[in-house]
Amino acid sequence: MSTSSSDIAILGGGISGIIAALELEAKGVFPTLYESTDRLGGRVKSDFFDDIPLDHGFQVLLTAYPEVVKYLDLSALELHYFRPGAYIFGKDGKVELIGDAFRDPSFLWPTIKTNSASLLDKIKLLVEQRRISGLPVEEIFNQRDQSTLESLYSKYSERFINQFFKPFYGGIFLEKELQTSVKQFEFVFHMFANGYAAFPKGGMQSVIDQLSAKLTKTKVLLNHKVTIEEVKDRHDKVIQTFAEKDQKWHGTEVFYFELPKASKYSEKLKNVIGLFPESNSVNSMHVLQGGNTAILSATVIGVSEDSDRLEELIREEIKTRSGIEAGKLVKHYKIEKALPVISEIRLKPDSSKNNQSVIRSGDYLLYPSLNAAMSSGRIAAEKAFQNEL
Ligand SMILES: Cc1cc2nc3c(=O)[nH]c(=O)nc-3n(C[C@H](O)[C@H](O)[C@H](O)COP(=O)(O)OP(=O)(O)OC[C@H]3O[C@@H](n4cnc5c(N)ncnc54)[C@H](O)[C@@H]3O)c2cc1C
């Protein structure tokens, strides 16, 4: 085999680039990885406030993701699990709890009682849960495409869609109108139904730390912003893991506030997400607990021109709907390029997009998710290794 240590260049050190490098190392090929910033991880990053990890945007690991199970030692990440449900902090000041009573029986009574969904909605949700959780992922991706909203309207009442699906899945897709493909919706629903949403004790950054610690032979060049033109003379093959300039994105902002006073919900929100249906400011919140400090994390869909005004509106909305008083702002992230807008989502990359020397990789080619970033990195490494251009 002719491949030597400098033959393959990987451009971009996000999840996709790291997985591509790990796969090549496993085959005895040692690539050069060029990353434009000063650390690996791409869109997965955390900072710390005291001992509490603050992720750059609220993200969770879905433990049923097949690639996550394959590449990560989940027990070493000391996962904190969310319970499979949500508090709904209504516009009218009413607070309801809804959840999967099959997996957490404590959700049974609140879910029966909730007014956010009709009896028919609740029955349909159970039927859909059975159906989607049992579907093979290939079947989910092979179905006729339509928007999530269109699909939901054929099954549930407008009230249930507005009260639950829009804030819950809108927060996952980072777009409020649920125009994202039903394939993505059912993929995520399937993963929720077959596993748990969790985050590592050390923040999402610890996913990157765990993976990158396994890179022993890859030459990692940080602070190297490069183009294909610049590297192609130095390498036979290039795996590019970032999107082109014309890629469209969904954005988000996250505000982390100190939580000086305990309230009725501050304990509960440590493992159940709180939703704000029909809100123009905050979409969801949850509480992070450190040794001595509690932090309230508030997520916004989209990015605003005036973050100071947005912060005021969030504080008001949280106080009015939940009674929680947000304390000092400790961190704010505005992420304009959070999730790629993808017109045709797919399970495997379209290889016709590759040319003679460039193999493309990254979640933007498939569907926005850690699972997609991992699988595209693996497939790109296989292509580069097999010389399948
Ligand atoms: C706020 C937010 C919330 C999310 N929530 C979830 C979630 O809950 N669950 C989930 O599964 N997924 C979630 N995601 C998506 C997940 O984080 C991404 O799918 C994944 O990180 C994408 O990895 P990637 O390697 O494809 O791309 P990226 O992480 O974007 O990596 C591309 C890398 O290329 C580098 N780069 C760019 N240009 C150059 C250049 N010219 N030269 C060298 N390097 C370059 C970048 O710096 C970056 O490191 C979320 C993402 C965000 C931002």
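Order of listing sets the numbers, starting from 1, for every ligand and every atom in it. Because only heavy atoms are used, hydrogens play no part in the values below, and waters and symmetry mates are left out as well, while side chains stay in.
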Practice problem: List every atom of ligand 1 that sits less than 4.0 Å from any heavy atom of Gly42, numbering the atoms from 1 in the order shown and giving each element. | Solution: 29 (O), 48 (C), 49 (O)
Exercise. Indicate the ring-plane relationship of Phe141 and Tyr367, choosing parallel, tilted or perpendicular according to the 30° and 60° boundaries.
Key: tilted
Quiz item: Between Phe199 and His286, how do the two ring planes meet: parallel, tilted or perpendicular, split at 30° and 60°?
Solution: tilted
Exercise. Considering heavy atoms of the protein only, find what lies nearest to atom 49 (O) of ligand 1 and give residue, atom and distance to 0.1 Å.
Key: Glu35 OE1, 2.6 Å
Practice problem: Would you indicate which of Phe173, Phe58, Phe242, Tyr34 comes nearest to atom 37 (C) of ligand 1 when only heavy atoms are counted? | Solution: Phe242
Quiz item: Out of Thr218, Thr32, Leu24, which one pairs with Ile10 under the side-chain contact (heavy atoms from CB on, under 4.5 Å) rule?
Solution: Leu24
Practice problem: Heavy-atom distances under 4.0 Å are what count here, so tell me which part of Asp363 touches ligand 1: side chain, backbone, both or neither. | Solution: both
Quiz prompt | Spatial distance of atom OH (Tyr169) from atom CG (Leu178) [nearest 0.5 Å] | solution = 10.5 Å
Quiz item: Do other residues, nucleotides or ligands put more than 12 heavy atoms under 6.0 Å from Arg130 CZ?
Solution: no
Practice problem: State whether a side-chain donor-acceptor pair under 3.5 Å links Asp306 with Ser304. | Solution: no
Exercise. Check ligand 1 against Tyr65 and write out every atom of the ligand that is under 4.0 Å from a heavy-atom position of the residue.
Key: 9 (N), 10 (C), 11 (O)
Exercise. State if Tyr333 counts as touching ligand 1 under the rule of any non-hydrogen atom under 4.0 Å.
Key: no
Exercise. For atom 12 (N) of ligand 1, grab the closest protein heavy atom and report residue, atom and distance to one decimal in Å.
Key: Leu370 N, 3.5 Å
Quiz item: Which residue holds the protein heavy atom closest to atom 22 (C) of ligand 1, what is that atom called, and what is the gap in Å?
Solution: Arg43 NH2, 3.4 Å
Exercise. Measure from NZ or CZ of Arg103 to the centre of the six-membered ring of Tyr196, then state whether that distance is under 6.0 Å and the direction lies within 45° of the axis.
Key: yes
Self-check item: Donor + acceptor pair across side chains of Gln163, Glu96 (<3.5 Å)
Solution: no
Exercise. Nearest heavy atom to atom 31 (O) of ligand 1 wins, so pick from Gly14, Gly41, Ala338.
Key: Gly14
Quiz item: With respect to Ile98, which candidate in Phe107, Phe168, Phe160, Tyr87 satisfies the side-chain contact (heavy atoms from CB on, under 4.5 Å) definition?
Solution: Phe160
Quiz prompt | Contact (N/O only, under 3.5 Å) between Gly362 and ligand 1 | solution = no
Quiz item: Starting from atom 21 (O) of ligand 1, which protein heavy atom do you reach first, and at what distance in Å?
Solution: Val44 CG2, 3.5 Å
Practice problem: Output, in order, the C-alpha distance, side-chain angles, deciding distance and verdict of side-chain contact (heavy atoms from CB on, under 4.5 Å) for Leu370 and Gln59. | Solution: CA-CA 10 Å; Leu370 296 167; Gln59 345 200 354; 4.2 Å; yes
Practice problem: Among all protein heavy atoms, pick out the one at the shortest distance from atom 34 (O) of ligand 1; state its residue, atom name and that distance to 0.1 Å. | Solution: Gly12 CA, 3.2 Å
Quiz item: Does His224 come within less than 4.0 Å of ligand 1, judged by its heavy atoms?
Solution: yes
Quiz item: Within 45° of the axis and under 6.0 Å from the centre of the six-membered ring of Tyr256, does NZ or CZ of Lys331 qualify?
Solution: no
Quiz item: What is the minimum heavy-atom distance between Ala298 and Ile314, and which atoms define it?
Solution: CB-CG2, 4.0 Å
Practice problem: Below 4.0 angstrom from a heavy atom of Leu339, which ligand 1 atoms are there? Numbered from 1 as shown, please. | Solution: 14 (N), 15 (C), 50 (C), 51 (C)
Exercise. May I ask you to check whether Asn371 has an N/O atom sitting below 3.5 Å from an N/O atom of ligand 1?
Key: no
Exercise. May I ask you to list the atoms of ligand 1 that are less than 4.0 angstrom from any heavy atom of Thr37?
Key: 47 (O)
Quiz item: Got an N/O contact under 3.5 Å between Gly17 and ligand 1?
Solution: no
Quiz item: Under 6.0 Å from the CD atom of Gln143, do we count more than 12 heavy atoms belonging to anything else shown?
Solution: yes
Quiz item: So, does Tyr364 sit close enough to ligand 1 that a heavy atom of it is under 4.0 Å from the ligand?
Solution: no
Exercise. Give the numbers and elements of all ligand 1 atoms closer than 4.0 Å to a heavy atom of Thr252.
Key: 1 (C)
Quiz item: Counting both backbone and side chain atoms, is some N or O of Gln59 under 3.5 Å from an N or O of ligand 1?
Solution: yes
Practice problem: Kindly check if the number of other-residue, nucleotide or ligand heavy atoms within 6.0 Å of NZ (Lys155) is above 12? | Solution: yes
Self-check item: atom 23 (O) of ligand 1 - nearest protein heavy atom and its distance
Solution: Ala373 CB, 3.5 Å
Quiz item: Has ligand 1 got any nitrogen or oxygen that is less than 3.5 angstrom from a nitrogen or oxygen of Ser16?
Solution: yes
Practice problem: Provide, to 0.1 Å, the distance between atom 45 (C) of ligand 1 and the closest protein heavy atom, together with that atom's residue and name. | Solution: Ser36 OG, 3.4 Å
Quiz prompt | Proximity of Leu62 to ligand 1 by residue part, where a heavy atom lies under 4.0 Å | solution = neither
Exercise. Among all protein heavy atoms, pick the one closest to atom 42 (N) of ligand 1 and tell me residue, atom and distance.
Key: Val226 N, 3.1 Å
Self-check item: Greater than 12 external heavy atoms within 6.0 Å of Asn280's CG
Solution: no
Quiz item: Is there at least one pair of N or O atoms, one from Lys337 and one from ligand 1, spaced under 3.5 Å apart?
Solution: no
